[in-house]
Amino acid sequence: DAYYGYRAGGGASGAAEGEVWSDARVDLMPERWFRGASVLDVGCNAGYVTILMAERFACDVVLGIDIDAHLVAKARRLLRERARATRQRRARDADA
C-alpha cells in the first residue's frame, strides 16, 4: 500500500484515512467517462483510486477487484470509513 501512500495521499505515509484524497491520474479523467456508468477497476489495490472515482464522478456502480485478499479487506474498511464520514458530514450540514 506504500505506492498509494505516495501517489494518492492515502495510506501510512500520506493523508490519514478518511481525509480527502487526490490523485493526478483521476484529475486527468473526464467526468463524462464515469457519471452514471458502471465501472470495473481491475487490480484496485487498497481501493483509493476506486473510491475516489466513485465519489468524484457519481458513478452508478463501481466494482474494484484485486488478487490480494489483504488489500481487498483494506479497501472494504476504507469504503466503510469514507461512507461513515460522508454520513456524519451530511448530518452536520443538515443541522447547520
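In this chain, residues are counted from 1 in sequence order. The model shown is predicted, which means the values in this text are computed figures rather than measured ones.
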Quick one: hydrophobic cluster around I65, which other residues, with the 4.5 Å side-chain cut-off, linked directly or via members?
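Reading the cluster by chain and number, I65 sits alongside L40, V42, L63.
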
Whichever hydrophobic residues join I67 through chains of side-chain contacts under 4.5 Å:
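I67 shares its hydrophobic cluster with no other residue.
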
Residues pairing under ring pair (Phe, Tyr, Trp, His ring centres under 6.0 Å) where one sits in residues 70-96, two or more places apart or in two chains, turn out to be none

State which residues pass side chain to side chain donor-acceptor pair (under 3.5 Å) with R35; sequence neighbours excluded, sorted by chain then number.
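For R35, the residues satisfying side chain to side chain donor-acceptor pair (under 3.5 Å) (neighbours in sequence not counted) are E31.
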
Can you pull the side chain to side chain donor-acceptor pair (under 3.5 Å) pairs that have at least one residue in residues 55-69, sequence neighbours excluded?
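Side chain to side chain donor-acceptor pair (under 3.5 Å) check on residues 55-69 returns D27-R56, E55-R82.
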
Check [X] against [Y] and note the closest heavy-atom contact, atom names and distance.
X: M29; Y: F57; result: O-CZ, 3.6 Å
X: G64; Y: C44; result: C-SG, 3.6 Å
X: V39; Y: C59; result: CG2-SG, 3.8 Å
X: L78; Y: A46; result: CD1-O, 3.2 Å

With side-chain contact (heavy atoms from CB on, under 4.5 Å) as the criterion, how do V49 and V26 come out once you've worked through the C-alpha distance, each side chain's angles and the decisive distance to 0.1 Å?
CA-CA 7 Å; V49 170; V26 177; 3.8 Å; yes

Holding to side-chain contact (heavy atoms from CB on, under 4.5 Å), I want the full list of residues that pass it with V61, two or more places apart in sequence or in another chain.
S38

